[in-house]
Amino acid sequence: MSAHGHADGHLPHDPEKATLEGRNKILGFWLFLGAETVLFGTLFSAYLALRHNVLDGPHPAELFQLPMVFAATMILLTSSLTSVFAVQALHHHKVKAMINWLIVTIVLGLGFLGLEIYEFYHYVQEGHGFTTSAFSSSFYTLVGFHGAHVAFGVLWIGLLIGQIFKKGLTVVTAPKIYVSAIYWHFIDVVWVFIFTVVYLMGKVG
Amino acid sequence: MAAHAHTVKRYKGLMDWLTTVDHKKIGILYLIAGFFFFLIGGLEAILIRIQLARPMQNVVGEETFNQLLTMHGTTMIFLAAMPMLFALMNAVIPLQIGARDVAFPFLNSLGFWTFFFGGVLLNLSWFAGAVPDAGWTAYATLSGPTYNPGHGIDYYVIGLQIAGIGTLLGGINFMATIINMRAPGLSFMRLPMFTWAIFITSALIVFAFPVLTVGLVALMFDRLFQANFFEPGTGGNSVLWEHIFWVFGHPEVYILILPAFGVISDVVSTFSRKRLFGYSSMVFATVLIAFLGFMVWAHHMFTTGLGPVANGLFSIATMLIAVPTGVKIFNWLFTLWGGSIRFTTASMFAIGFIPTFVMGGVTGVMLASAPADFQYHDSYFVVAHFHYVIVGGLIFGIFAGLHYWWPKMFGRMLNEGLGKLTFWTFFIGFHLTFFVQHFLGLLGMPRRVATYLPYQGFDTMNLISTIGAFLMGIGTIVFLINVFTTWAKPRNATGDAWEDGRTLEWSIPSPPPEYNFKQTPLVRGYDAWWKEKMEGKTEMIPAEPVGSIHMPSPSILPLIMSIGLFIAGFGFMYNQLIVAGIGLAITFGCMLLRSVFDDHGFHIEPEDQDKGVHV
Amino acid sequence: MNRRRVTKRLLPLLAGFALLLSACGREDLSTLNPQGPVAETQFDLMKLSIGIMALVVVVVFAICIYVLIRFRRRPGDTSIPKQVEGNHKLEIIWTVIPLALLLVLGVPTIQHVFGLAKDYSKDKEALQVKVTAHQYWWEFEYKDLGITTAQELIVPTGKKIMFEMTGADVKHSFWIPSIGGKMDTNPGTTNKMYLEFPKEGVFRGKCAELCGPSHAYMDFKAKAVSADSFERWVSAMKAPAKMPEDVEIAKAFEAKCLLCHAIGQENQGSAPNLTGIGDRQTIGGILYNSDVVADPQPGDKPAAQNLHDWIKDPQQYKPDNKMPNAAENGLTEEELTAIAKYLADYKLDYQSSGK
Amino acid sequence: MENNQSTEQPTKRHKVEGPQKHIVAFVMSLALTIIAFAAVAAGEINTTFVYIILVTMAVIQVFVQMSFWMHLKDKGHLYPIIGIVAGVFVVFTMVIMAEYWVWW
């Protein structure tokens, strides 16, 4: 059965898994997330290996500010909840609710990004630039990679909202929404390790 | 070619090849590009051997020599061996699992083009006059900005980064394909051994390549944006690069050799007319090798100074790999045992593989013993070892696979006489080149030396080695002659070209029609096609009625996306961030287009399905 | 020309010849001809592993050849052989036997991994040497003795020599094949390794890690001398440096050479220490001094000539090294010859029985 | 081209999916996060102990989010689970590498 076989008919229960294309997409995306796990893991291990080498720059314990990190964490955590609500709406074929939840997710994502940019700006002011030390290079690379993933997610989900407006919820668009939600959760999961390993452990010393 | 509901533009000639998403055509593209890079890498090897033929020669200078050895290694591994494996994967896997295409035809095409442009970018370094020269391992700090200020390593970093994207996509694609697209009845424990090998290989790619990606990003940041990952002066650590490289690099070795194992399994079993001996232990051994492959990287670093605990652990872990590998060797031998062995070029390469690979394997175990490795490491002994494994293993496997599946890919049988000449020149040349190198290493010759002083006992063996290299070159040329002369002749291959075919690809015409299977076959056991033949049937039992077949549309976007990355790569290298931005914009723009415009594909109706099929 | 003809005649005997060669190899270079306990331990392990592996190879080859002869398809044979799924007994055998063989190899491996990693850096009896690898030369600092030398490591026999190694620029690898295996010199970290030299003699050392264009030329020598000679060498090294007698030459030497190099032990430069360079086997690690080495080969030149050639154009012998050629350095031919002669004559008399 | 070997078949689990379990997961994640931050903010606890708390909280939270929000506890997720577990295994070896074998 091809993708468009379902397109104009009745929408099945799990529209994201109704076609082989959709199932392939979900499986392939999961495998990609397996690869992403290793990618972030390597960034983490580079950070772990280099984190003590601060040279003349500020020490992680004096640099990091927990309230800001806590705020960012709360924002991202909430956005993960709103994105799962969007998937739930998808399963109930409630297109409008889904779009609303997706928009909330994007807004929260933008809020997180704003905080992160402010945070980086602040750090640079304190003499913690990208080239300052091995610690700073590996810090910005790890956290920056995560930030870039958030930014990509925001753009991606935004694009999908546009597509839903134009094409409606179909067996072609549903897998995309589902996969983007999985991606968003994955970003949140990575953040759990970032705030734990980078910020909290950095604060402990 | 009637389109159903949607009209899809179909191209002819060159545009057909640039836009194709058909796995069979992509396989051919991989083969052409991979073999082209194989010739370049081979030429570099010949130049290396000419330089080393006699002591204190200056045929190429020391700097050029380092460039040659770096580009030889990088080209052979990333741009020749892996693409030729991808060629076989693409040509064979969907056919072996009874599928009409891979899970993601578009990504398949994208994977090819990113590999191709990454490879082209890397090789353009020769014209830019800034060639990577820190070895394919690019150890920091020799590859860092302080001691390698030119653009050479930038070509390495960015070329591999772009090519690596393609490889990762391929890995994901083939894993998803093998999981989701198998024909009805084809359970995992009925998969042909080659498919199993590719499944595991793809998994290795998925979990190993991201490590390289990060390593290259970090090295690129060090070089282009003054980061401090590997620079000891600013708190970085050069050993970290070694770890990252080998955490990727060792699985990479298995990414290369496991497909060859798969090819050998299929070829040996076909040409001895026997079921593969110990199939389930073969599967288990493959999985085990892959698993252990992630836990042995530091055996490349015994002399780095990790300390006795690490060296001991990695010694033992490495030795353990010999066990599943040994299981495979004996299973092949006992597949041949009691069989009816037919000597074709394919089977000769496969049978030549077994003793050759055993020799590479046993030197591997010798190297695993860390205290002894203090003597072998970075000497010609290691050079001999890994060429026995990679050339004697992988390249023999690829040649076996190419001769075996050539009729399926192109509908033409390669000439057996020329094929056997290829085998003997290549086989003898190979052993001549590399056998003596074991002794060179033991006598104290370090590897990667641009030349050597006389009176050290190295002269004769180096000369022998060079002569052998020329023989291998001749073997390769004979293969090319074989390909071109066969090309000029009409198609002559039947569906079951070797008559003893066992797996699904031999149940359909050679070359297969673009939809592969008119009706998806029903698989009733291991060696599905053999099983049906033994019951006197001449075709597979269909699992579905004849009907309209849905096909994905061709697309030019993968090519343009890869060109975008290529442009962005140059932009980053020469610090023209606007150019880099334009390149990335092209790539992301294409992604946007791909997302916004749905690909509905087209249908081939039953009445059109037999057009142009060679029976 | 003559050599080439000989080689051609030998071509049919290539394989045998190679095997023959493997039996010996240079005494001062080959890992197969160990001259110290560390290399001997490693050689024993190599012999053990080669033995086990030869067994495996013989078994596989035998089965392979038998199968190929016995089971080849006769023309016109269309019979279908029995389709065997496998054989659990056999499969267990070829899992267990390799495991047992690996155990035989694994136990001594672990034993020697720890044995060869022993740390003698706190041992008063051991001689502590700090090795710093540079592009493309070796610096040897005897920390407890306050001596630094270059390119030629002088050690006493009968003592454990504890090396502490690091790289000054890129990664190199310190290797004296006939005495013991190699250890990398990583920039930024320090490695440790001990070696022993029971016999007097000169042993060839090499850099084993690609380190740039002149990687192939980064040789050094390790010279083992008796304990008495070593003591004399130490005091000779510590004695006040001897400058050229001619004042003009001394001035030129000081202005044009000692900016980077050093003689004596008062200051250390960024380039090799030249104290007693006239005693060294080679100039630059690769130009053998026919008047110093025990077995001069055709083409070797006396030290004064080698020094002259080297100083005149070091880039010709070791491309990418940091030493400017004589013209760039402003050395006249006269100064060059005089400095070369002075250096060639700069010998430290420390060996009891002449050279 | 329907395929009966697929593991991603639509499942027949369709009870109406309510928001409760997601909110439960959210509250759990919230609690785990707050515990982690509090352990650090308290500042007077033994460092090793804090590390243990932090890692435990993170692992539990990831487990909660993956099984509820990323649906890994649902049927037909064998291969995604294998994929993530394999990735975690590689990461695990690399973290050991980074902690023990980079500096000495």
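Scope of the values below: all heavy atoms of this structure, side chains included, with no hydrogens, waters or symmetry mates. Below, read A as the first sequence line, B as the second, and so on, with proteins coming before strands; counting in each chain starts at 1. As the structure is a computational prediction, the values presented were derived from the model and not from experiment.
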Quiz prompt | Pair listing, side chain to side chain donor-acceptor pair (under 3.5 Å) test, anchored in residues 137-150 of chain A, at least two apart | solution = E36(A)-H149(A), S137(A)-N228(B)
Self-check item: Pairwise side-chain contact, M70(D) with L33(A), heavy-atom cut-off 4.5 Å (strictly under)
Solution: yes
Exercise. Counting only heavy atoms closer than 4.5 Å, note whether V197(A) contacts chain D via side chain, backbone, both or neither.
Key: neither
Exercise. Give the member of L50(A), T73(A), T42(A), L31(A) that has the highest number of heavy-atom pairs under 4.5 Å with chain D.
Key: T42(A)
Exercise. Decide yes or no for F195(A) and T33(D): does some side-chain heavy atom of the first lie under 4.5 Å from some side-chain heavy atom of the second?
Key: yes
Quiz item: What part of A58(D) gets closer than 4.5 Å to chain A, counting heavy atoms only: side chain, backbone, both or neither?
Solution: both
Self-check item: Part of V85(D) within contact of chain A (heavy atom distance under 4.5 Å)
Solution: neither
Exercise. Measure the shortest side-chain to side-chain distance between Q65(D) and L77(A) over non-hydrogen atoms and say whether it is less than 4.5 angstrom.
Key: yes
Exercise. Mind running side chain to side chain contact (heavy atoms under 4.5 Å, CB included) on V84(A) and F26(D) for me, showing each step along the way?
Key: CA-CA 10 Å; V84(A) 82; F26(D) 179 70; over 6 Å; no
Quiz prompt | More than 12 heavy atoms of other groups within 6.0 Å of D56(A) CG | solution = no
Exercise. Against chain D, work out which of L81(A), V38(A), V192(A) has the most heavy-atom pairs shorter than 4.5 Å and name it.
Key: L81(A)
Quiz item: Going by heavy atoms in the side chains, are Q61(D) and V189(A) under 4.5 Å from each other?
Solution: no
Exercise. Please tell me if the side chains of L48(A) and M94(D) come closer than 4.5 Å, counting only heavy atoms from C-beta onward.
Key: no
Quiz prompt | Close side-chain approach of F40(A) and V91(D), heavy atoms under 4.5 Å | solution = no
Quiz item: Where on F85(A) is there a heavy atom nearer than 4.5 Å to chain D: the side chain, the backbone, both, or neither?
Solution: side chain
Quiz item: With a 4.5 angstrom heavy-atom cut-off, which part of I53(D) approaches chain A: side chain, backbone, both or neither?
Solution: neither
Quiz prompt | Among the listed options V40(D), V90(D), I34(D), the residue most often paired with chain A at heavy-atom distances under 4.5 Å | solution = V40(D)
Self-check item: Proximity breakdown for W69(D) and chain A, heavy-atom pairs closer than 4.5 Å
Solution: both
Quiz item: Has M74(A) got more than 12 heavy atoms of other residues, nucleotides or ligands less than 6.0 Å from its CE?
Solution: yes
Quiz item: So what's closer than 4.5 Å to chain D heavy atoms on Y178(A): side chain, backbone, both or neither?
Solution: side chain
Quiz item: For the ring pair F68(D) and H185(A), is the centre-to-centre distance below 6.0 Å?
Solution: no
Quiz item: Do F89(D) and T37(A) touch side chain to side chain, with heavy atoms closer than 4.5 Å?
Solution: no
Practice problem: Using non-hydrogen atoms and a 4.5 Å limit, figure out which bit of L30(D) sits close to chain A: side chain, backbone, both or neither. | Solution: both
Self-check item: Side chains of W30(A) and H77(D) in contact at under 4.5 Å (non-hydrogen atoms)
Solution: yes
